[in-house]
Chemist: 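Below you will find the structure I want to go over with you.
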There are 2 protein chains.
Amino acid sequence: MSPRKIEETERALSRPATISDVARLAGVSVGTASKALNGRGSLREETRRRVRLAADELGFQPNSAALTLNSGRTYTVGMITTDTIGRFSIPLMTGVEDALGAGRMSVFLCDARDDPIREQYYLRTLLSRRVDGIIVTGRRTEARAPIGTDLPVPVVYAFISSTDPHDCSVVPDETGGARKAVDHLLALGRTRIAHITGPERHHSARVRADATTARLAEEGLGLVGAPMFGEWSEAWGRQAAGILMGAPDRFDAVFCGSDQIARGVADALRAAGRRVPDDVALVGFDNWEVMTLACQPALTSVDMELEHLGRTAANLLLTAINGEPAPGRHLNPCRLVVRDSTAVPVDLD
Amino acid sequence: MSPRKIEETERALSRPATISDVARLAGVSVGTASKALNGRGSLREETRRRVRLAADELGFQPNSAALTLNSGRTYTVGMITTDTIGRFSIPLMTGVEDALGAGRMSVFLCDARDDPIREQYYLRTLLSRRVDGIIVTGRRTEARAPIGTDLPVPVVYAFISSTDPHDCSVVPDETGGARKAVDHLLALGRTRIAHITGPERHHSARVRADATTARLAEEGLGLVGAPMFGEWSEAWGRQAAGILMGAPDRFDAVFCGSDQIARGVADALRAAGRRVPDDVALVGFDNWEVMTLACQPALTSVDMELEHLGRTAANLLLTAINGEPAPGRHLNPCRLVVRDSTAVPVDLD
DNA sequence: CTGAAAGCGCTAACAA
DNA sequence: TTGTTAGCGCTTTCAG
């Protein structure tokens with residue numbers, strides 16, 4: 001039926017059509033109408049058809065508050081970002097929303113802004129709305145205190161994780177990601193690898209640095225110098241590259257803790273006349289296309305597959321809602337995206 | 001009361017406490033309990049206190065499905081992003097969510113992914129959930145066909161606008177923003193201004209270019225060359241800067257349609273030995289800090305104040321829900337953020 | 001195969 | 001001041 005028709009009908013009623021309206025129009029009782037529309041009970045096909053017709057006629061949409069009231073289920077989940085919504089949240093939310101939408105669930109968005117008060121306020125709101133489950137996300141992979149204890153609905157932490165190991169968390173396998181980056185460099189024959197990354201207080205920076213060191217150690221190799229902790233910025237990348245070039249140790253590859261840092265490094269190397277990837281191979285982390293593609297040359301990087309992570313978290317939540325919780329930390333694998341900054345130089349003649 | 005206590009009490013009931021539980025515990029009828037908790041009717045203060053105590057004891061949270069069922073209001077709104085959630089959506093959503101949260105409304109997040117089918121699906125879902133209103137956003141400022149006609153709830157378009165002028169849209173005043181940029185350059189004494197921007201098919205690119213040309217014309221000036229339409233990328237910025245430098249016309253300023261383009265321009269200028277801002281003043285658009293701060297020198301840029309825009313849209317929606325719609329296109333002013341790329345060079349001696 | 005009625009949790013009239 | 005009751009829209013027994 002056309003939107004116009006729906007509108008006319010609704011205006012005649014001056015309110016959304018209810019199942020009683022449908023029943024009346026079809027000449028049956030509400031009970032019958034309900035069964036007809038939900039394919040339950042045993043009804044004459046004729047009756048069923050008549051009811052469906054009436055429903056279409058009126059543009060009937062079941063009132064979900066009523067549905068909720070007797071089923072107890074709302075088919076909604078809350079998504080709380082504990083710190084401000086940021087760049088990482090986009091693919092994450094997309095994945096969550098996608099997986100839940102497919103399960104016919106709607107998502108409440110709650111931005112707690114790093115404020116514990118707001119966080120608790122949202123939690124109460126969500127519980128009062130009787131959401132079927134809650135997803136907690138954050139801007140960092142740091143573990144955080146559980147958002148509540150013994151909550152009446154399942155909770156899944158995505159990207160961020162809970163300090164309680166019994167909670168269900170889905171986090172990127174940053175260790176695995178870093179190892180893939182190093183593996184790749186080793187396969188290219190690079191053995192003198194430096195590591196420039198973000199602040200040491202950041203969980204991600206530490207984990208990635210540790211994994212890098214450990215992977216090299218497995219090959220009997222050491223990092224060129226110590227991991228260089230600084231900031232997640234291009235400026236730090238440039239500065240650190242300068243320091244590195246000023247030091248006596250030679251290096252043939254730099255693995256960076258973020259794409260921004262890597263891009264700063266690329267700029268500094270180029271300014272100093274060092275060629276990427278010929279003299280120095282360069283790998284970033286995050287696979288943030290804005291950076292990787294603008295970098296000269298295009299940057300090889302580790303992708304945390306956040307959309308997939310979001311989908312996984314959502315699916316774990318759905319199964320938990322259906323009574324099969326999967327407690328513990330779940331690792332979401334990272335993927336290495338190879339680009340020109342580590343391309344093997346080809347001799348054309 | 002402690003979370004543990006709530007939990008114990010709830011486990012005893014093995015379901016969320018209802019107002020009947022509260023009433024029973026307080027030794028009153030449900031009607032009385034309702035009045036007590038909502039501050040309505042006239043009750044003895046003693047009774048009120050007793051009920052409140054019981055409610056606290058049980059960790060009572062009113063079931064919002066029940067509230068919805070008799071008030072008809074859900075205190076929820078839907079936010080549909082017609083195209084994929086992107087960088088611009090973050091501040092927008094933050095603003096929307098903030099303003100609505102303050103009005104005690106919760107936000108349903110719907111990502112339609114540029115898919116009209118998904119869009120209509122979400123629309124139906126939202127209507128079936130009886131949201132009090134809908135906010136429609138998008139990734140571009142382009143006008144789009146209304147999401148529906150004669151919908152039973154108010155709709156506000158944010159960032160994107162509706163082709164129907166009677167719909168309520170809140171859009172950034174890109175013309176005003178571009179004029180501010182040009183004003184700033186003129187005030188610095190720059191008169192030979194070039195404009196490098198995104199694809200001509202993009203509304204934003206055209207609007208910003210037109211405004212630039214028009215503003216210069218008011219001063220009896222012309223753009224250096226024609227507006228250079230290309231892509232929203234650094235690569236295009238670099239390329240366009242090259243073209244510009246190769247042309248015979250001299251220029252002392254470049255106003256770019258995006259920060260990415262401007263950054264590309266900055267890199268190309270530096271590589272060619274032209275100093276920013278001394279030889280060429282540079283202004284971007286979007287005030288995307290990742291770009292403006294990483295740019296060398298830091299980039300002056302036009303900020304569309306998207307968070308404010310989101311808040312405005314949300315407030316317009318709230319007033320519309322309360323029966324006072326504000327149809328038409330509402331312009332949200334842009335703000336110029338001045339940084340080093342247009343700083344007046346200071347002679348130190 | 002269909003209808004009547006109870007009940008989900010809450011509020012608001014109306015009675016007591 | 002408090003209790004009782006009807007009703008919001010729907011599903012689900014249980015009778016007919």
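Predicted, not measured: the structure shown is a model, and the values here were computed from it.
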Chemist: What pairs with B/R52 under side chain to side chain contact (heavy atoms under 4.5 Å, CB included), at least two apart in sequence or on another chain?
Modeler: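 Side chain to side chain contact (heavy atoms under 4.5 Å, CB included) list for B/R52, sorted by chain: B/L37, B/E45, B/R48.
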
Chemist: Rounded off to whole Å, could you give me the CG-to-C1' distance for the B/L69 and D/dA6 pair?
Modeler: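 Atom-to-atom, B/L69 to D/dA6, this comes out as 13 Å.
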
Chemist: Please enumerate all residues that pass side chain to side chain contact (heavy atoms under 4.5 Å, CB included) together with B/D167, with sequence neighbours excluded.
Modeler: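 B/D167: side chain to side chain contact (heavy atoms under 4.5 Å, CB included) contacts with B/P146, B/Y157, B/S162, B/D164.
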
Chemist: Would you please name every residue forming a side-chain hydrogen bond (donor to acceptor under 3.5 Å, both in side chains) with A/D111, sequence neighbours left out?
Modeler: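 So A/D111 forms a side-chain hydrogen bond (donor to acceptor under 3.5 Å, both in side chains) with A/R113.
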
Chemist: Can you name the residues that form a side-chain hydrogen bond (donor to acceptor under 3.5 Å, both in side chains) with B/D132, not counting sequence neighbours?
Modeler: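 side-chain hydrogen bond (donor to acceptor under 3.5 Å, both in side chains) check on B/D132 returns B/R73, B/T74.
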
Chemist: Among residues 44-53 of chain B, which residues get a heavy atom nearer than 4.0 Å to DNA chain D?
Modeler: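 Within this stretch, B/R44, B/T47 sit under 4.0 Å of the strand.
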
Chemist: Under 3.5 Å, is there a donor-acceptor pair between the side chain of B/D83 and the main chain of B/R139?
Modeler: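 Yes; at least one donor-acceptor contact below 3.5 Å.
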
Chemist: Among all residues two or more places apart in sequence or in another chain, which pass the side-chain hydrogen bond (donor to acceptor under 3.5 Å, both in side chains) test with B/H308?
Modeler: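 Only B/N332 meet the side-chain hydrogen bond (donor to acceptor under 3.5 Å, both in side chains) criterion with B/H308.
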
Chemist: Is a donor on one side and an acceptor on the other found under 3.5 Å between the side chain of A/S161 and the backbone of A/R144?
Modeler: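 No; zero donor-acceptor contacts below 3.5 Å.
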
Chemist: Please enumerate all residues that pass side chain to side chain contact (heavy atoms under 4.5 Å, CB included) together with B/A102, with sequence neighbours excluded.
Modeler: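 In terms of side chain to side chain contact (heavy atoms under 4.5 Å, CB included), with neighbours along the sequence ignored, B/A102 is linked to no residue.
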
Chemist: Which pairs count as salt bridge (charged side-chain N to carboxylate O under 4.0 Å, His left out) when at least one residue sits in residues 25-44 of chain A, sequence neighbours excluded?
Modeler: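 Checked against salt bridge (charged side-chain N to carboxylate O under 4.0 Å, His left out) - neighbours excluded - no pair reaches residues 25-44 of chain A.
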
Chemist: State, to 0.1 Å, how close B/P16 and A/R130 come at their nearest heavy-atom pair, and which atoms those are.
Modeler: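 Scanning both residues completely, I find the closest heavy atoms to be CB-NH2, 3.6 Å.
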
Chemist: Under 4.0 Å from any heavy atom of chain B: name the first and the last nucleotide of DNA chain C that qualifies, 5' to 3'.
Modeler: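 That gives a stretch of C/dG9 to C/dA13.
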
Chemist: For the pair A/F88 and A/F159, name the ring-plane relationship: parallel under 30°, tilted 30 to 60°, perpendicular over 60°.
Modeler: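 Because their plane-to-plane angle lies in the 30° to 60° range, the rings of A/F88 and A/F159 count as tilted.
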
Chemist: One character per nucleotide, please: for nucleotides 10-16 of chain D, 5' to 3', B when the base has a protein heavy atom closer than 4.0 Å, S when only the sugar-phosphate does, - otherwise.
Modeler: BBBB---

Chemist: If an axis is fit to five pairs at each end of the helix from C/dC1-D/dG16 to C/dA16-D/dT1, what is the angle between the two, to the nearest 10°?
Modeler: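 So the angle between the two local helix axes works out to 50°.
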
Chemist: Residues in side-chain hydrogen bond (donor to acceptor under 3.5 Å, both in side chains) with A/T84, at least two apart?
Modeler: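 Once residues adjacent in sequence are excluded, A/T84 has no partner under the side-chain hydrogen bond (donor to acceptor under 3.5 Å, both in side chains) criterion.
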
